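Below you'll find the structure, written out as structure tokens, and then a few comments.
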Amino acid sequence: MISDLPANLDAASQILKSAARVAVMSGAGISAESGVPTFRGADGLWEGRRPEEVATPEAFARDPEDVWAFYKMRRDLMAPVQPNPAHKTLAQWSERFEPLHLITQNIDGLHQAAGSCDVLELHGSLWDTRCLGCGIQESRRDALEDAIPSCPHCKGVLRPAVVWFGEMLPPGALEQAMEWASSCEVFLCIGTSSLVQPAASLAMIALEGSASVLEINLEETPLTPHATLHLQGPAGEILPALDARMRA
Ligand code: OAD
């Protein structure tokens, strides 16, 4: 691994220039420059609540109104937040690469707000609900009330369609992500601590499939020693810098 940033940017842009099949895994760090706190940083996203109080099926069974209010607060905080140059560069790259598969651990919807389509949301979405009765999952971005709404189809209880601790990923999501990781030429790992499984293992699957793994992060992570290149810095600056070099 080369350690200085300009050389790494040059090397990474050369790798990307000659690639067609690209897969991306993004984490909370990609939204940090939009003003969304990361999970493990100071003032983390849990807003002073312990995750097991508000982000488990048991918590919802115990006190659904409290959990609903917590996610309503998170939606209210997220509503004015805008995508940053990192999200926007990736959205532009969906036309440059054939294909660009975008996998995210984030539930904030900022990739879609930047214009990316077909985002695989491994941990669900802040803007979707799922009915505990009929199981129907729907995007309800404009209609998320203060109190828990009932399902328009069966009157069942709606819950946030996010993956809580102790829960499985959405059906088929991991299989799809593994397929993309194993078949890509370049795997970009952006703004994730690479601590949470199974998301963290996708980069290793890409490496086993002979892909180049490019990590963009402010700091080193458990993935760093394995990455082909570690691009150290803010994603909102590194991705546009890569894009500019690829166009030069
Ligand atoms: P973390 O909070 O664990 O890690 C964020 C990473 O982003 C850290 O490695 C930071 O160094 C890096 N970072 C921060 N700002 C950055 C920037 N501007 N540019 C580049 N990198 C930056 O967030 P995740 O790895 O996404 O799961 O966390 C994974 C999962 O843990 C979350 O999806 C969540 C949590 O438990 C669920 O809720 C199921």
Side-chain angles (χ1 to χ4, degrees), residues 5 8-9 12 24-47 49-60 67 70-71 74-75 78 81-90 102-111 114 119-128 130 159-170 173-174 177 187-204 213-227 229-242:
L5 183 58
N8 277 1
L9 283 169
V24 178
M25 160 61 77
S26 69
I30 200 168
S31 297
E33 289 155 82
S34 293
V36 184
T38 58
F39 288 91
R40 292 170 180 80
D43 303 322
L45 248 175
W46 298 113
E47 303 287 336
R49 306 288 305 263
R50 283 182 296 129
E52 58 272 28
E53 268 178 43
V54 285
T56 62
E58 293 76 18
F60 192 69
V67 172
F70 173 75
Y71 281 92
R74 282 183 63 181
R75 285 192 295 270
M78 274 306 302
V81 171
Q82 296 296 317
N84 66 55
H87 301 103
K88 289 179 188 167
T89 303
L90 290 176
L102 187 42
I103 309 159
T104 189
Q105 297 166 86
N106 300 342
I107 62 173
D108 55 32
L110 288 178
H111 285 300
V119 182
L120 181 58
E121 296 176 306
L122 279 188
H123 293 164
S125 171
L126 197 50
W127 309 104
D128 291 356
R130 188 168 72 249
R159 59 160 277 181
V162 298
V163 175
W164 283 329
F165 291 94
E167 291 190 312
M168 308 282 282
L169 298 186
L174 182 60
F187 189 88
L188 277 162
C189 213
I190 307 172
T192 173
S193 54
S194 290
L195 289 169
V196 175
Q197 294 294 353
S201 60
L202 291 170
M204 303 312 287
V213 171
L214 310 180
E215 181 181 48
I216 300 175
N217 202 303
L218 291 182
E219 54 192 34
E220 297 199 354
T221 73
L223 173 65
T224 308
H226 308 282
L229 291 168
H230 176 74
L231 302 159
Q232 189 154 8
E237 293 175 22
I238 300 274
L239 281 163
L242 273 176

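Only a predicted model underlies this, so the values are computations on that prediction, with no experimental measurement involved. In each ligand, atom 1 is the first atom listed, and ligand 1 is the first ligand listed.
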Exercise. For V163 and ligand 1, answer yes if some heavy atom of the residue is under 4.0 Å from a ligand atom, otherwise no.
Key: yes
Quiz item: Got Q82 and L110 here, is their nearest side-chain heavy-atom distance under 4.5 Å?
Solution: no
Quiz item: Side chains of P85 and L239: does their closest heavy-atom pair fall under 4.5 Å?
Solution: no
Quiz item: When only distance counts, is A235 in polar contact with ligand 1, meaning an N/O pair under 3.5 Å?
Solution: yes
Quiz item: Does the side chain of L122 come within less than 4.5 Å of M25's, by heavy atoms?
Solution: yes
Quiz item: With a cut-off of 4.0 Å, which atoms of ligand 1 are near a heavy atom of V196?
Solution: 29 (C), 30 (C), 31 (O)
Practice problem: Taking salt bridge (charged side-chain N to carboxylate O under 4.0 Å, His left out) as the test, write out the residues that go with R159, two or more places apart. | Solution: E167
Self-check item: Nearest candidate to atom 21 (N) of ligand 1, where distance is taken over non-hydrogen atoms, out of T38, L218, L231
Solution: L218
Self-check item: Test item: S34 side-chain N/O and V36 main-chain N/O as donor-acceptor pair under 3.5 Å
Solution: no
Practice problem: Would you indicate whether the side-chain heavy atoms of L126 and P160 approach each other to under 4.5 Å? | Solution: no
Practice problem: May I ask whether G233 places a heavy atom under 4.0 Å from ligand 1? | Solution: yes
Practice problem: Look only at interatomic distance and state if G191 has a nitrogen or oxygen under 3.5 Å from any nitrogen or oxygen of ligand 1. | Solution: yes
Quiz prompt | For ligand 1, the portion of Q105 having any non-hydrogen atom under 4.0 Å away | solution = both
Quiz prompt | Side-chain donor or acceptor of N84 paired with backbone N/O of A86 under 3.5 Å | solution = yes
Quiz item: Is T221 close to ligand 1, meaning an N/O of one under 3.5 Å from an N/O of the other?
Solution: no
Self-check item: Proximal atoms of ligand 1 relative to G27 (non-hydrogen, under 4.0 Å)
Solution: 26 (O)
Quiz prompt | G29 neighbourhood, listing ligand 1 atoms whose heavy-atom distance to it stays under 4.0 Å | solution = 5 (C), 7 (O), 13 (N), 14 (C), 15 (N), 16 (C), 17 (C), 18 (N), 19 (N), 22 (C)
Exercise. For the residue pair L223 and M204, establish whether any side-chain heavy-atom pair is separated by less than 4.5 Å.
Key: yes
Exercise. Would you check if T224 and Q232 make a side-chain contact, meaning some heavy-atom pair closer than 4.5 Å?
Key: no
Practice problem: Using a strict cut-off of 4.0 Å, indicate which atoms of ligand 1 neighbour a heavy atom of E219. | Solution: 9 (O), 11 (O)
Quiz prompt | ligand 1 contact on F165 by region, counting heavy-atom pairs under 4.0 Å | solution = side chain
Practice problem: Please tell me if the side chains of I190 and I238 come closer than 4.5 Å, counting only heavy atoms from C-beta onward. | Solution: no
Quiz item: Between H123, E167, M25, which one has a non-hydrogen atom sitting closest to atom 37 (C) of ligand 1?
Solution: H123
Practice problem: Could you list the atoms of ligand 1 found under 4.0 angstrom from a heavy atom of E33? | Solution: 17 (C), 18 (N), 19 (N)
Quiz item: Which of the atoms of ligand 1 are close to A28, meaning less than 4.0 Å from one of its heavy atoms?
Solution: 23 (O), 24 (P), 26 (O)
Quiz item: What about T192: any of its N or O atoms under 3.5 Å from an N or O on ligand 1?
Solution: yes
Self-check item: L242 vs L231 side-chain heavy atoms within contact, under 4.5 Å
Solution: yes
Exercise. Using a strict cut-off of 4.0 Å, indicate which atoms of ligand 1 neighbour a heavy atom of A32.
Key: 15 (N)
